[in-house]
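Below: one structure, written as structure tokens.
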Amino acid sequence: MGHAGRSVRGTLIRSGGYRTGMNVPDSKDRSESDLVAARRAKLERWRADLGIDPWGSRVDGLVSLLEARSRFDEAAADAVDADPPPAEDPRPCATVAGRIVQHRAMGKLCFMVLRDESGDLQVSCSKADLDAASFKLASKVDYGDIVVASGPVGRTKRGEICIWADRFEVHCKSLAPPPEKYHGLTDAEQRYRRRYVDMYTTPETMETFHRRCEIVSATRRFMERHGFIEVETPMMQSVAGGAAARPFTTHHNALDIDLYLRIAPELYLKRLLVGGMRKVFEINRNFRNEGIDRRHNPEFTMMEAYQAFGDCESVLELTESLLRELAGGVLPYGELEIDYAKPFDRVTHADLFERTHGCVMTDETAVRSLAAAKGLKDAATRNHWLLVEALFGEAEDAIDPARPTWVTDFPAALSPLTRPHADDPTLAWRAELFIGGMELGNFYTELNDPDIQRARFTDQLAGINDEEAAFRSLDNDFLEALLVGMPPAGGFGLGIDRVVMLMTNQTSIRDVILFPLLRPEGVE
RNA sequence: GAUCGCGUAGCUCAGUCGGUAGAGCAACCGCCUUUUAAGCGGUAGGUCCUGGGUUCGAGUCCCAGCGCGAUCACCA
């Protein structure tokens with residue numbers, strides 16, 4: 001399409017709709033409710049009768065509602081109430097902005113509660129203190145409008161701390177009907193789909209996401225304090241390596257190649273160790289094309305870190321101390337009380353397996369008959385260690401969810417990127433952390449022997465089906481890097497969303513992700 | 001993918017045994033200078049998720065579908 005054609009069309013659209021200033025295009029066609037129509041009409045009345053621009057402008061000198069409240073001065077408030085009152089108002093002033101979450105107009109006086117990120121504060125408007133237009137506006141504003149008010153910080157007869165407005169302006173007219181002012185949005189679907197409404201009507205939501213920001217920030221500071229540097233590695237990869245999960249596929253047009261959204265950054269972070277970085281970490285999104293439930297979102301945030309000349313034990317200790325610092329003691333999680341101060345429990349994979357199933361995981365015959373008894377498919381023919389893995393899910397459930405627990409010494413066959421024990425090559429230097437019934441992450445002494453690594457990849461590729469083969473191919477460049485030489489290292493991946501769940505007592509991952517994935521609705 | 005639950009006004013929710021679609025808040029009109037989910041009087045507001053079926057009659061019962069939630073399964 002040519003430029004001329006586009007610009008002609010653009011002109012037509014503009015002159016036809018916006019310039020007339022009347023009800024913006026097809027407000028009726030969109031079957032907007034009467035409630036929206038009422039708000040549009042009010043907006044036009046404000047423009048016509050009060051000469052007000054309801055879309056606002058820059059405001060300098062704003063303070064948060066919390067800051068304004070903190071300026072309240074009891075003595076000054078008492079002085080104003082005295083008879084006679086002082087010649088000069090001794091109360092400190094403030095200019096604030098916020099969204100209206102309550103509004104009570106009573107003739108020549110009106111009260112409203114403003115909300116911002118810091119909290120709520122009442123603004124009181126007396127007809128005597130404001131010019132006629134501002135008072136009219138103050139008594140007619142709607143739940144959801146964004147307003148600016150200034151005046152002395154005082155209190156009402158009932159003792160409510162408030163701003164007695166001598167300036168009142170609307171800086172954004174909310175046209176959408178707000179939720180019920182007391183219950184807010186309670187429907188989970190609506191809370192996720194219209195998060196912007198949930199955030200201002202449900203203070204707990206705002207608190208949770210502020211807390212998430214603090215946790216991520218504290219985690220970064222912790223890692224930097226321990227000498228790690230933060231890096232960014234590719235999200236689009238031509239080989240989706242570093243974990244076992246189905247990836248999302250995309251395509252680069254100019255290169256005409258398919259790419260995968262990463263399922264893990266591991267193989268790139270290890271290349272950085274080869275290049276000479278000693279301690280690196282990355283906090284960013286991974287994408288896995290798997291199911292969605294209370295603990296899984298297709299895109300989720302992971303911290304991965306690698307420490308040259310460390311090992312599984314050193315990164316495990318590092319993480320335990322990070323979580324201890326973030327939690328600061330005992331935290332509730334659902335029905336549980338989780339103590340992060342005490343040293344975390346430890347159990348070996350083999351012991352946990354035996355304790356749960358009453359048989360030794362290395363006993364192939366016993367494992368096969370157990371698998372058959374549990375009704376697992378291909379119990380007689382499937383790889384012995386894959387059966388062990390399938391049976392391990394039940395063992396995970398046997399871990400006390402109230403006790404942070406390390407499961408150590410995973411089977412080497414299930415840990416292709418991990419260094420095996422020197423004295424028992426069936427075991428690997430790999431641990432997983434479980435808290436609150438969730439897997440929080442994986443911890444390794446990294447495999448840096450290029451020959452064993454190539455053999456592991458090759459073994460792995462031998463046993464896969466066509467679908468897996470489509471995205472799981474040998475990352476030759478990574479093997480080249482190991483030939484150049486990667487120092488011995490400890491490394492780990494920690495699920496940040498799940499850490500946030502534990503720290504904020506949210507039992508659904510959707511409540512710690514601002515915009516969790518839902519099936520799209522109303523997309524045109 | 002399986003099972004169970006939910007879907008009624010903008011929001012929060014009632015709706016009995018199958019018999020004219022309800023309340024509160026919000027909105028609109030009016031009153032009100034100390035409210036705290038303000039109060040009082042009045043007005044308006046419905047694709048009962050969608051499509052079939054049973055029935056004289058369906059928000060209600062049955063079937064299918066859609067969306068969401070929970071549990072399970074899957075998820076080196």
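The chains referred to below are lettered A, B, ... by the order of the sequence lines, with proteins before strands, and numbering in each begins at 1.
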Rounding to an integer number of angstrom, what distance separates [N] and [M] when you compare their [atom1] atoms?
N	M	atom1	answer
B:G45	B:U60	P	24 Å
B:G41	B:G57	C1'	39 Å
B:U36	B:G69	P	38 Å
B:C49	B:U16	P	14 Å

Counting the atoms with a prime plus P, OP1 and OP2 as sugar-phosphate, which does [X] contact under 4.0 Å by heavy atoms, base, sugar-phosphate, or nothing?
X	value
A:Glu160	base
A:Lys42	sugar-phosphate
A:Leu185	sugar-phosphate
A:Ala105	base
A:Gln190	nothing

Please confirm whether the shortest side-chain N or O distance from [X] to OP1 or OP2 of [N] is below 4.0 Å.
X	N	answer
A:Thr186	B:C13	yes
A:Arg39	B:G10	no
A:Arg510	B:A70	yes
A:Arg294	B:U71	yes
A:Arg193	B:C68	yes
A:Arg288	B:C75	no
A:Arg158	B:U36	yes

Practice problem: Kindly indicate whether a cation-pi arrangement holds for A:Arg454 with A:Phe457, taking the cut-offs as under 6.0 Å to the six-membered ring centre and within 45° of the axis. | Solution: no
Searching all strands shown, indicate the nucleotide that pairs with [N] (Watson-Crick or G-U wobble; both distances under 3.5 Å).
N	value
B:C56	B:G19
B:G30	B:C40
B:U3	B:A70

Quiz item: Salt bridge between A:Arg346 and A:Glu313, side-chain N to carboxylate O under 4.0 Å?
Solution: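 Salt bridge present between A:Arg346 and A:Glu313.
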Practice problem: Could you label the plane-to-plane angle of the A:Phe410 and A:Phe392 rings as parallel, tilted or perpendicular, counting under 30° as parallel and over 60° as perpendicular? | Solution: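 Judged by the thresholds at 30° and 60°, the geometry between A:Phe410 and A:Phe392 is perpendicular.
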Quiz item: How long is the gap from CZ on A:Arg99 to CE on A:Met112, to the nearest 0.5 Å?
Solution: 15.0 Å
